[in-house]
Amino acid sequence: MRCFIAEAFAGYSMKRVVITGGGGYLAGHLASHLRSLGGYDIVLINRSPRPDRDILQADLAEWNSSWTAALANSHAVVHLAAHRKPHAAWPELQRDNIDATLNLFEAAAQGGCRRVVFASTSWVLGGYFKSGVRLTPDLAPRPSGRYAACKMVGESIARLYARERGLSAICFRIG
């Protein structure tokens with residue numbers, strides 16, 4: 001199975017990779033895959049503790065030196081953490097999907113991280129799903145709800161940090 005995230009880190013020696021949402025399904029599989037390849041120092045960050053994993057417990061919406069230090073000089077951060085209930089209230093979505101993402105990108109930039117991989121959603125283009133329009137990367141976003149709108153903001157944060165701070169950013173839309 002091809003792992004484009006692993007390909008994104010090619011060319012580096014021992015690679016420190018920080019994965020947010022470290023207690024989740026995708027994070028667990030990505031961490032296992034990267035460990036099986038060898039050459040990766042994996043740091044998992046999650047808001048709630050998980051007894052089955054070695055995880056740094058942190059709330060990314062709250063700026064804190066315990067988690068920001070974990071990003072320092074990392075080769076990459078894979079940002080999978082999110083509040084993913086599509087009909088959640090705005091305050092929850094803003095806190096977990098916008099405030100936390102902005103903090104993460106700022107901490108990555110300040111800490112000398114080389115790249116952030118941001119997990120977005122195909123629902124950023126959800127407004128086109130029933131239109132018959134062919135979905136392409138150049139299509140203007142048309143989010144289909146609050147969750148998708150927050151992910152669209154996350155993609156904009158990634159573009160901002162790439163343009164203004166020189167941080168390499170990759171956004172991929174799951175779904």
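Start at 1 with the first residue, then count along the sequence. Note that the structure is a prediction, hence the values are computed from the model and not measured.
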Minimal non-hydrogen separation, Pro143 against Pro141, with atom names
CD-C, 3.8 Å
Applying side chain to side chain contact (heavy atoms under 4.5 Å, CB included), run through Val117 and His79 and close with a yes or a no.
CA-CA 6 Å; Val117 179; His79 186 39; over 6 Å; no
Asn46 side chain to Gly23 backbone, donor-acceptor under 3.5 Å
yes
Spell out, yes or no, whether Phe172 and Leu125 are grouped together once hydrophobic residues are joined by side-chain heavy atoms under 4.5 Å, including indirect joins.
no
With Glu92 via salt bridge (charged side-chain N to carboxylate O under 4.0 Å, His left out) - residues at least two apart:
none
Nearest atoms (heavy-atom pairs only) where Asn97 meets Cys150:
CB-CB, 3.8 Å
Please determine whether residues Ile157 and Trp90 belong to a single hydrophobic cluster, defined as Ile, Leu, Val, Met, Phe, Trp and Tyr linked transitively by side-chain heavy-atom distances below 4.5 Å.
no
Between the side chain of Arg16 and the main-chain N/O of Ala70, is any donor-acceptor distance below 3.5 Å?
yes
Under the rule for ring pair (Phe, Tyr, Trp, His ring centres under 6.0 Å), what residues qualify as partners of Phe129, not counting sequence neighbours?
Trp123
Atom pair CG/CG of Leu44 and Asp54 - distance to nearest 0.5 Å
7.5 Å
Pairs involving residues 58-87, ordered by first then second residue, that meet salt bridge (charged side-chain N to carboxylate O under 4.0 Å, His left out) (sequence neighbours left out):
Asp59-Arg95, Glu62-Arg95
To the nearest 0.5 Å, tell me how far Ile55 CD1 sits from Ser48 OG.
7.5 Å
Nearest atoms (heavy-atom pairs only) where Ala27 meets Gly21
CB-O, 3.2 Å
What's the spacing between Ser168 OG and His75 NE2 if we round to 0.5 Å?
13.0 Å
Under 3.5 Å, is there a donor-acceptor pair linking the side chains of Arg35 and Ser32?
no
Not counting sequence neighbours, which residues clear salt bridge (charged side-chain N to carboxylate O under 4.0 Å, His left out) with Arg165? List them please.
Glu106
So which atom in Ile42 and which in Ala31 form the shortest heavy-atom distance, rounded to 0.1 Å?
CG2-CB, 4.0 Å
My understanding is that only residues two or more places apart in sequence, or in another chain, count here; which of them pass side-chain hydrogen bond (donor to acceptor under 3.5 Å, both in side chains) with Asp99?
none
Between Asn103 and Ala61, is there a donor-acceptor pair closer than 3.5 Å when you use the side chain of the first and the backbone of the second?
yes
Test log, rule side chain to side chain contact (heavy atoms under 4.5 Å, CB included), inputs Tyr147 and His83
CA-CA 8 Å; Tyr147 170 74; His83 189 100; over 6 Å; no
In the single-linkage hydrophobic clustering (I, L, V, M, F, W, Y; side-chain heavy atoms under 4.5 Å), do Tyr161 and Phe118 co-cluster?
yes
Backbone N or O of Ala140 within a donor-acceptor pair of the Tyr128 side chain at under 3.5 Å?
yes
So, the side chain of Arg146 versus the backbone of His87: is there a donor-acceptor pair under 3.5 Å, distance only?
yes
Which residues satisfy the side-chain hydrogen bond (donor to acceptor under 3.5 Å, both in side chains) test with Arg173, sequence neighbours excluded?
Glu155
Interatomic distance, CG@Asn73 vs SG@Cys113, rounded to 0.5 Å, equals 9.0 Å
Side-chain heavy atoms nearer than 4.5 Å, only ILVMFWY residues, links allowed to pass through others: does that put Trp63 and Val43 together?
yes
Given side chain to side chain contact (heavy atoms under 4.5 Å, CB included), test Asn64 with Thr68 step by step and report yes or no.
CA-CA 6 Å; Asn64 182 305; Thr68 58; 5.9 Å; no
Rounding to 0.5 Å, atoms CD1 (Ile174) and OG (Ser122) come to a distance of 9.0 Å
Has the side chain of Thr20 got a donor or acceptor atom that lies under 3.5 Å from a matching backbone atom of Leu80?
yes
Drop me the distance from Ile45's CD1 to Leu71's CG, to the nearest 0.5 angstrom.
5.5 Å
Any link between Leu102 and Val124 through a network of hydrophobic side chains (Ile, Leu, Val, Met, Phe, Trp, Tyr) touching at under 4.5 Å?
no
Minimum heavy-atom separation for Leu34 and Tyr40, please, with both atom names.
O-CD1, 3.1 Å
What closest approach, in Å, do Ser120 and Lys151 show between heavy atoms, and which atom pair accounts for it?
OG-CB, 3.5 Å
Taking Val18's backbone N and O only, do any of them form a donor-acceptor pair with Ser74's side chain (distance below 3.5 Å, no angle check)?
no
Could you walk me through whether Val116 and Ile170 pass the side chain to side chain contact (heavy atoms under 4.5 Å, CB included) test, one step at a time?
CA-CA 6 Å; Val116 175; Ile170 297 171; over 6 Å; no
